[in-house]
Amino acid sequence: MTRSLLADAFGHHVWATRRLIDACQALEGGQVEATATGTYGSILDTLRHLVGADASYLNVLSGGTFPRVPDAEEASMDLAGLRAEMDTHGGAWAAVLAQDPDPDAVLVRHRDDGSESCAPAGIRLAQALNHGTDHRSQVCTILTSLGVQPPDIDVWDYAWADGRLVEVPAPA
């Protein structure tokens, strides 16, 4: 069996989120509570939202086999807890993708308030990636505003770290 076409996209998604959480663990004092105009909220709240939503996407796309992070637990998770939660997502995304989901299959998300959202699997997969990228960028913006160099987390950095990017210099 070949790997899913989306394996690298979701591999990067998990890697970049974990790397960003790791970088934020080095922050001092109340820096995790810092915000910037135009972002979701504080660094910690944004990472809580990112990881909690990712678990929710996994829950829907796995047919309910991946546990959703309860809202109360998400709201109280620290960086170590978020990192531990995100550590479980890599294998879960791989399992979802290994099932070769039908991109047109409509999946229903049941919310705690009784409402629902119905969207095709392909849209939900795209949203998971876009959501992660958007909020990681926001955290990097806040880090930069604090004078902290954000980690390199783009896809080329992922490929480099994974040994799958080779740079060949121009001939002399």
Quiz item: Taking His110 for the side chain and Val60 for the main chain, is one N or O donor matched with an acceptor at less than 3.5 Å?
Solution: no
Practice problem: Could I get the full list of side chain to side chain donor-acceptor pair (under 3.5 Å) partners for Ser145, not counting sequence neighbours? | Solution: none
Exercise. Determine whether Leu82 and Leu79 make a side-chain contact, defined as any pair of heavy atoms from C-beta on separated by less than 4.5 Å.
Key: yes
Quiz item: Any sub-3.5 Å donor-acceptor pair from Ser62's side-chain atoms to Leu58's backbone N or O?
Solution: yes
Exercise. Test side-chain contact (heavy atoms from CB on, under 4.5 Å) on Arg48 and Asp45 and set out the steps.
Key: CA-CA 5 Å; Arg48 285 173 174 161; Asp45 286 342; 3.3 Å; yes
Quiz prompt | Reported NE2-to-NE2 distance for the pair His135 and His49, which is rounded to 0.5 angstrom | solution = 3.5 Å
Quiz item: So, the side chain of Asn59 versus the backbone of Phe66: is there a donor-acceptor pair under 3.5 Å, distance only?
Solution: yes
Practice problem: State, yes or no, whether a side-chain contact exists between Asp54 and Thr17 at a heavy-atom distance under 4.5 Å. | Solution: no
Self-check item: Any side-chain donor near an acceptor of the partner, Asp157 and Trp15, under 3.5 Å
Solution: no
Exercise. Show your reasoning for whether side-chain contact (heavy atoms from CB on, under 4.5 Å) applies to Leu61 and Trp93.
Key: CA-CA 9 Å; Leu61 285 154; Trp93 280 119; 3.7 Å; yes
Exercise. For residues Ile43 and Leu27, determine if any side-chain heavy atom of one lies less than 4.5 Å from a side-chain heavy atom of the other.
Key: yes
Quiz prompt | Glu28: partners by side chain to side chain donor-acceptor pair (under 3.5 Å), with sequence neighbours left out | solution = none
Exercise. Could you check if a side-chain atom of Leu20 sits within less than 4.5 angstrom of a side-chain atom of Pro151, using non-hydrogen atoms only?
Key: yes
Quiz item: Is a side-chain N or O of Thr144 found less than 3.5 angstrom from the main chain of Cys140, in a donor-acceptor match?
Solution: yes
Quiz item: Once you round to the nearest 0.5 Å, how far does CG of Asp104 lie from CD1 of Ile123?
Solution: 9.5 Å
Quiz item: If you link I, L, V, M, F, W and Y whenever their side-chain heavy atoms are under 4.5 Å apart, who else ends up in the same group as Tyr40?
Solution: none
Practice problem: I would like to know whether Asp71 and Asp112 meet side-chain contact (heavy atoms from CB on, under 4.5 Å); could you show each step before the answer? | Solution: CA-CA 9 Å; Asp71 292 342; Asp112 292 340; 3.2 Å; yes
Quiz item: What is the minimum heavy-atom distance between Leu47 and Cys24, and which atoms define it?
Solution: CD1-SG, 4.1 Å
Quiz item: Just by distance, do the side chain of Arg124 and the backbone of Tyr57 share a donor-acceptor pair under 3.5 Å?
Solution: no
Quiz item: Yes or no on side-chain contact (heavy atoms from CB on, under 4.5 Å) for Glu74 and Arg68, after CA distance, side-chain angles and deciding distance?
Solution: CA-CA 10 Å; Glu74 177 185 321; Arg68 196 171 85 43; 5.9 Å; no
Quiz item: Would a distance-only check, ignoring hydrogens and angles, find a side-chain to backbone donor-acceptor pair under 3.5 Å from Arg109 to Ser117?
Solution: no
Practice problem: Run the ring-centre check on Phe10 versus His89 and record whether the distance is less than 6.0 Å. | Solution: no
Practice problem: Could you tell me whether Arg19 and Asp22 have a side-chain N and a carboxylate O separated by less than 4.0 Å? | Solution: no
Practice problem: Say whether, by atom type as modelled, one donor and one acceptor occur between the side chain of Thr88 and the main chain of Glu85 under 3.5 angstrom. | Solution: yes
